[in-house]
Amino acid sequence: MSSIPLDYETLRLIWWALLGILLMGFAIMGGRDLGVGTLLPFAARTDAERRVLINLMGPTWEGNQVWLILGGGAIFAAFPPLYAVSFSGFYLAMIVILLALILRPVGFKFRGKIKDDRWRAVWDWALFIGGFVPSLIFGVAVGNVLLGAPFHLDDTMRNFYTGNFFQLLMPFALLCGLVSLGMIVTQGAAVIAGKTIGPVADRARTFGSLAAIVTLVLFALGGLWIAYGIQGYAVTSVIDPNAPINPLAKTVALSTGGWLNNYSLYPWMITAPVLGFVGLVGALIGLQLRLRLPTLLASSLAIFGIISTAGLSLFPFVLPSSTVPNSSLTLWDASSSHLTLFIMLLVTVFFLPIIVLYTGWVFRVMRGPVSTQSIDKNPNAY
């Protein structure tokens with residue numbers, strides 16, 4: 001291992017940060033399409049208006065899904081115990097998300113096959129479900145991570161998940177789901193307002209402003225709930241960042257408001273929730289003033305701040321255990337080997353810039369407003 005230029009501790013921190021970046025990348029880029037889909041039945045009233053929004057999503061949604069695939073792959077390769085516990089414990093929730101996401105490509109392709117109002121209305125609502133359900137459930141999942149998942153490890157490191165699907169629907173987790181939904185709807189509204197004109201853009205500004213205000217309130221309420229309503233986790237034993245994988249080698253204590261300890265230890269972390277609030281306020285102002293790019297940047301900043309707040313609050317935990325706290329997974333005891341993390345980092349350094357450049361090129365090609373006139377001129381439009 002001495003030939004590896006980065007030590008184990010540094011690689012673990014890098015991959016923890018990279019995982020957060022990939023998840024935020026999906027929330028920002030994929031959130032564009034999820035938000036537009038969620039607003040589809042409300043911001044667009046006529047068939048022509050809904051075609052505008054569908055063609056707003058259609059050319060880019062597949063590329064935006066890459067961030068979700070990369071995030072899942074990163075969990076699988078960089079944090080195998082996390083993958084094993086979460087993908088088995090949250091299995092039904094993930095199936096629901098996948099089924100909802102599958103509705104999107106089917107809806108894009110099937111909606112225009114028959115010129116019938118009822119047929120198209122069915123697929124419009126299918127596209128709504130494809131945006132609404134993942135936006136909500138991803139937030140519910142984060143809420144359950146903060147609450148702790150009901151699992152434990154035995155002496156042979158086998159994991160046992162003792163919960164069920166309905167236990168995921170706790171009040172705090174649902175609040176986190178609504179925060180996630182609100183920030184995604186704000187993002188979708190920013191995209192619609194910046195890429196369309198007329199009544200569709202006006203309705204998007206109305207719904208986006210409402211979503212930004214609601215998200216502001218719920219985000220603040222979530223902070224108060226974390227401070228006074230739920231228990232946070234802390235490792236009380238000595239942490240060896242370069243130690244081999246062994247989640248059971250530590251002791252964990254719980255305390256009310258414990259998730260706020262990191263903000264005392266590392267005051268710079270307060271930047272994350274501040275950015276969340278600033279981004280939401282900026283998106284609200286931008287929507288009201290009809291500012292296109294600043295609104296989208298502010299909405300993206302809000303997503304960055306909100307997700308960073310959750311990640312930094314959890315640090316160093318990646319999945320706490322509510323039943324046996326000492327079985328909780330942290331980035332120090334749930335990562336892959338030193339060599340695996342290094343090889344994956346080399347691959348990421350090569351491929352991630354390609355993905356970013358390609359994404360930028362696609363959005364440059366697709367720049368400009370989408371209107372009924374531009375759709376009528378395009379024989380490949382949905």
Taking all atoms of both residues into account, what is the closest heavy-atom pair of Val370 and Asn55, and its distance? CG1-CB, 4.4 Å
Hey, could you give me the CZ/OG distance between Arg12 and Ser335, rounded to the nearest 0.5 Å? 3.5 Å
Would you tell me whether Thr330 and Asp333 have side-chain atoms, one donor and one acceptor, within less than 3.5 Å of each other? yes
Would a single hydrophobic cluster contain both Leu293 and Ile285, if residues Ile, Leu, Val, Met, Phe, Trp and Tyr are joined by side-chain heavy-atom contacts under 4.5 Å? no
What heavy-atom pair brings Ala283 and Thr186 nearest, and what distance separates the two atoms? CB-CG2, 3.9 Å
Side chain of Ser180, backbone of Ser135: donor and acceptor closer than 3.5 Å? yes
For Leu248, does its backbone N or O pair with a side-chain atom of Asn326 as donor and acceptor, under 3.5 Å? no
Around atom CE of Met170, are there more than 12 heavy atoms of other residues, nucleotides or ligands at under 6.0 Å? no
Let's go through Ile355 and Leu70 carefully: what are the C-alpha distance in whole Å and the side-chain angles of both, what is the deciding distance for side-chain contact (heavy atoms from CB on, under 4.5 Å) to 0.1 Å, and is it a yes or a no? CA-CA 11 Å; Ile355 294 171; Leu70 290 174; 3.5 Å; yes
Aromatic ring proximity Trp16/Phe315, centre distance under 6.0 Å: yes
Plane angle bin for Trp61 and Phe108 - parallel if under 30°, tilted between 30 and 60°, otherwise perpendicular: tilted
Residues Arg50, Asp47; criterion salt bridge (Lys or Arg N to Asp or Glu O under 4.0 Å); working and verdict: CA-CA 5 Å; Arg50 291 181 179 178; Asp47 180 68; over 6 Å; no
Closest non-hydrogen atom pair between Ser299 and Ala190, with its separation: CB-CB, 4.3 Å
Looking at CZ of Arg32 and NZ of Lys195, how far apart are the two atoms once the value is rounded to the nearest 0.5 Å? 7.0 Å
Is a donor on one side and an acceptor on the other found under 3.5 Å between the side chain of Arg111 and the backbone of Trp123? no
Kindly compute the distance separating CD1 (Ile137) from CG (Leu169), expressed to the nearest 0.5 Å. 8.5 Å
Compare all side-chain heavy atoms of Trp332 with those of Leu13 and state whether any distance is below 4.5 angstrom. yes
Any chance you could measure Asp124, atom CG, to Arg51, atom CZ, to the nearest 0.5 Å? 11.5 Å
Other residues, nucleotides, ligands: >12 heavy atoms within 6.0 Å of Ile197 CD1: no
Is it the case that the side chain of Asn159 and the backbone of Leu153 share a donor-acceptor pair, with hydrogens and angles ignored and the cut-off at 3.5 Å? no
Arg120 side chain reached by Lys115 side chain, heavy atoms, under 4.5 Å: yes
Applying side-chain contact (heavy atoms from CB on, under 4.5 Å) to Ile354 and Phe350, what does each step give before you reach the verdict? CA-CA 7 Å; Ile354 296 175; Phe350 179 78; 3.9 Å; yes
Flag the pair Trp259 / Gln231 as yes when at least one side-chain heavy-atom distance between them is below 4.5 Å, and no otherwise. no
When you measure from the side chain of Thr340 to the backbone of Ser336, do you find a donor-acceptor pair of N or O atoms at a distance under 3.5 Å? no
If you look at every heavy atom in Pro247 and Ser328, which pair is closest and at what distance? CB-O, 4.1 Å
Do Arg104 and Asp33 have side-chain heavy atoms sitting under 4.5 Å apart? yes
Taking atom types as modelled, is there a side-chain donor on Thr236 or Thr251 under 3.5 Å from an acceptor on the other? yes
Following the transitive rule for hydrophobic clusters with a side-chain heavy-atom cut-off under 4.5 Å over Ile, Leu, Val, Met, Phe, Trp and Tyr, establish whether Trp67 and Phe76 coincide in one cluster. yes
Within-4.5 Å side-chain heavy-atom neighbours: Leu39 and Arg203: no
Determine whether the aromatic ring centres of Phe42 and Phe128 lie less than 6.0 Å apart. yes
Between atom OG1 of Thr348 and atom CG of Leu341, what is the distance when rounded to the nearest 0.5 Å? 10.0 Å
Kindly indicate whether the side chain of Ile230, heavy atoms from C-beta on, has any atom under 4.5 Å from the side chain of Ile226. yes
Closest non-hydrogen atom pair, Met24 against Ser308: SD-OG, 3.5 Å
Would you indicate whether the side-chain heavy atoms of Phe138 and Ile184 approach each other to under 4.5 Å? no
If we ignore hydrogens and angles and just use 3.5 Å, is the side chain of Gln65 paired with the main-chain N or O of Gly30 as donor and acceptor? no
Contact between Pro325 and Leu254 at the side-chain level, heavy atoms closer than 4.5 Å - yes or no? yes
Closest approach of Ala204 to Ala189 (non-hydrogen atoms, all atoms of both residues): O-CB, 3.3 Å
So, are Asp202 and Arg290 salt-bridged, with charged N and O less than 4.0 Å apart? yes
Polar side-chain atom of Thr162 near backbone of Pro150 as donor-acceptor pair, under 3.5 Å: yes
Taking atom CG of Leu56 and atom CG of Leu40, what is their separation to the nearest 0.5 Å? 10.5 Å
Mind checking whether Tyr161 and Tyr91 have ring centres under 6.0 Å apart? no
With hydrophobic residues grouped by side-chain heavy-atom distances under 4.5 Å, do Leu339 and Val349 end up in a single group? yes
Under 3.5 Å, side chain of Thr10 to main-chain N/O of Leu6, donor-acceptor pair present? no
Hey, quick one: are Leu34 and Val52 part of the same hydrophobic cluster, counting side-chain heavy atoms closer than 4.5 Å, chains of contacts allowed? yes
Is the side chain of Gln187 donor-acceptor paired with the backbone N or O of Met183 at a distance under 3.5 Å, no angle test? no
If you apply the rule side-chain contact (heavy atoms from CB on, under 4.5 Å), what do you find for Leu22 with Phe26, and how did you get there? CA-CA 6 Å; Leu22 293 174; Phe26 171 68; over 6 Å; no
For atom CG of Asp117, is the number of surrounding heavy atoms from other residues, nucleotides or ligands below 6.0 Å larger than 12? no
Centroid separation under 6.0 Å, is that true for the rings of Phe151 and Phe160? no
Would you kindly confirm whether Val217 and Ile303 end up in one hydrophobic cluster when ILVMFWY residues are joined by side chain heavy atoms under 4.5 Å apart? no
Quick check: does any side chain N or O of Arg367 sit under 3.5 Å from a backbone N or O of Arg364, one acting as donor and the other as acceptor? yes
Tell me if the OH atom of Tyr358 is crowded by more than 12 foreign heavy atoms within 6.0 Å. no
Kindly determine whether Leu103 and Leu127 satisfy side-chain contact (heavy atoms from CB on, under 4.5 Å), including the steps that lead there. CA-CA 6 Å; Leu103 288 175; Leu127 290 170; over 6 Å; no
Dump the intermediate steps for side-chain hydrogen bond (donor to acceptor under 3.5 Å, both in side chains) on Gln288 and Ser209, then the final yes or no. CA-CA 7 Å; Gln288 294 299 311; Ser209 298; 2.6 Å; yes
Between Tyr263 and Ser313, is there a side-chain donor-acceptor contact under 3.5 Å, judged purely by atom types and distance? yes
